[in-house]
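We number each residue from 1, following the sequence as shown.
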Amino acid sequence: MASIPPSRRSFLALSGLTALSVSLTAACGGGDSGGGKAADGKVTFDWWNIATTEPGKSLFPQIATAFMAAHPNIRIETTSLENEAFKSKLTATTSSGKLPDVYQTWGGGVLQQQVDAGLVEDLTDAFGWSSELTPVSLQAYQVEGRTYGVPYDIGMVGFWYNKKLFAKAGVTTPPATWAEFLDVVRKLKAAGVTPIALAGKEKWPGHYYWAYLAMRVAGLPALQEAATSKDFTGPGFVQAGAHLKELVDLQPFQPSFLGAGYATPGGQAASMGNGKAAMELMGQWAPSVQQDAGADLGADLGFFPFPTVEGGVGRIDEVFGGGGGFALRKGAPKEALEFLKFFVLENESKLLASNGYLPVVKGAESRLTDANKKVVAGSLARATGFQLFLDQAYPPAVGQEVNDSVADLIAGKKTPEQVTQSITEAAKGA
């Protein structure tokens, strides 16, 4: 999901956004994919998303149905795929030179690769209503000053925790440093509580730990330099892996975590929702997936930011995460962008009320009612730096190597040094 500027543009930082102008460039039909006018005169376009769990599983079709009811001449053909299945199918589709008319994107290097291949519609001049969205929500979808995607969610990764299980272990305050965090893990284990749920099979949840530790130890400037030099062998990155190994050596994860999925029965989210683990490191969507896969922890669920690391240069208000958005294939029907405007602007209240998404529309954060979502939104508002998911920050081969190498470290198959060497080799070869 899980999700980032490309390596040649370095990494995302919280900065201003240039004003975008108006008018529409997308032509009806054209291109290789399915959009265009059907024999019955209806405009048809494909929509690929990852809404396979609630609330999106129910909400997304409702929004599409409402749009078609208001526009009888438009037909939306929806494909919903689980996160990893979506990425695999989209990669295969991209390599064949085709994309769906409207498709899920997390931006960054993956989107840039599609842009560089000439497959994505440039929305800059058509996206006049972008001024109604928050700058940070838009930045992941900008390449060389042009905008290629429309966000519908933005957030950050942090620790979601079970207050009741923390209390059982005698932990009254969430940890603020890495040493305190490791101590909490030890206390939870001593109390007979599984400290952390992890979807080891899917790999992307594990990379969150290494990425955050790299941010906390080496700092965002070091990440920016590594993105340019394509060299991740510096001491800060090795130390990030060493700290992760400290955690792994405590055996903090649930039994059989290496074979566990994220949203699958008995997986990471279900372990949290069912009270079988005390923590998970996950994005803003975590509570809704916990509820969908397990149970609703309600008032027992809390949130705290990733701790600082003693001696590290990174700050606790530098956050890691991302959101979700949609891009259009080049030549997609102009009605597809009209649908995205309807989805984002006219349905923002429904997205927020579902408790599965955080606002991208300016001022909408005031409508949040969930205490934890308010904490996440507040952390984003105060953030002094922002890094998107590393497996989206880079070209797909590099992002995949980050996931694979960190998974190997967690499984005891690679050393911290080998992780940085493998990522560096992939970056230099990309």
Side-chain angles (χ1 to χ4, degrees), residues 1-2 52-58 82-83 155-176 180-206 208-209 212 247-248 250-307 321 354-358 368-376 379 410:
M1 289 200 176
T52 59
T53 60
E54 297 297 350
K57 185 177 180 180
S58 298
E82 181 275 328
N83 190 292
M156 61 178 281
V157 171
F159 279 104
W160 297 91
Y161 74 104
N162 187 317
K163 296 176 183 177
K164 184 181 292 184
L165 295 180
F166 266 44
K168 181 180 177 181
V171 180
T172 57
T173 306
E180 291 173 1
F181 176 78
L182 295 179
D183 192 47
V184 167
V185 169
R186 294 185 188 99
K187 287 179 179 178
L188 288 164
K189 284 182 70 75
V193 175
T194 297
I196 302 172
L198 181 65
K201 183 180 180 181
E202 296 190 22
K203 298 184 179 180
W204 57 268
Y208 291 170
Y209 288 87
Y212 246 133
L247 175 63
V248 172
L250 295 178
Q251 298 183 335
F253 307 120
Q254 81 275 22
S256 305
F257 75 93
L258 288 174
Y262 170 55
T264 54
Q268 177 173 331
S271 294
M272 272 298 296
N274 291 327
K276 294 182 178 179
M279 293 181 280
E280 69 166 329
L281 183 61
M282 191 48 62
Q284 66 276 10
W285 56 84
S288 60
V289 184
Q290 290 168 14
Q291 186 173 356
D292 187 59
D296 186 359
L297 291 176
D300 286 334
L301 184 66
F303 177 88
F304 64 90
F306 196 94
S354 75
N355 206 29
Y357 309 95
L358 283 176
L368 290 172
T369 57
D370 180 81
N372 289 316
K373 293 296 173 66
K374 286 182 177 180
V375 172
V376 176
S379 297
I410 292 172

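Residues satisfying the salt bridge (Lys or Arg N to Asp or Glu O under 4.0 Å) test with Asp183, not counting sequence neighbours, are Lys187. For Lys276, the side chain to side chain donor-acceptor pair (under 3.5 Å) test picks out no residue, with sequence neighbours left out. Looking at residues two or more places apart in sequence or on another chain, you find a ring pair (Phe, Tyr, Trp, His ring centres under 6.0 Å) between Phe257 and Phe253. Applying the salt bridge (Lys or Arg N to Asp or Glu O under 4.0 Å) test to Lys373 and every residue at least two apart in sequence or in another chain returns nothing. With sequence neighbours left out, Lys201 forms a side-chain contact (heavy atoms from CB on, under 4.5 Å) with no residue at all. The side-chain contact (heavy atoms from CB on, under 4.5 Å) search around Ala191 returns Ala169, Val193, not counting sequence neighbours. Partners of Phe166 under the ring pair (Phe, Tyr, Trp, His ring centres under 6.0 Å) rule, at least two apart in sequence or in another chain, are Tyr161. The side-chain contact (heavy atoms from CB on, under 4.5 Å) search around Ala260 returns Gln254, not counting sequence neighbours. Residues satisfying the side chain to side chain donor-acceptor pair (under 3.5 Å) test with Ser58, not counting sequence neighbours, are Glu54. For Gln251, the side chain to side chain donor-acceptor pair (under 3.5 Å) criterion is met by no residue, not counting sequence neighbours. Scanning for salt bridge (Lys or Arg N to Asp or Glu O under 4.0 Å) contacts around Asp300 gives Lys164, with sequence neighbours left out. Listed by chain and number, the residues in a side chain to side chain donor-acceptor pair (under 3.5 Å) with Gln290 are Glu280 (sequence neighbours excluded).
Using the six-membered ring where Trp is involved, Phe159 and Phe304 have ring planes that are parallel, under 30° apart on the 30 and 60° scheme.
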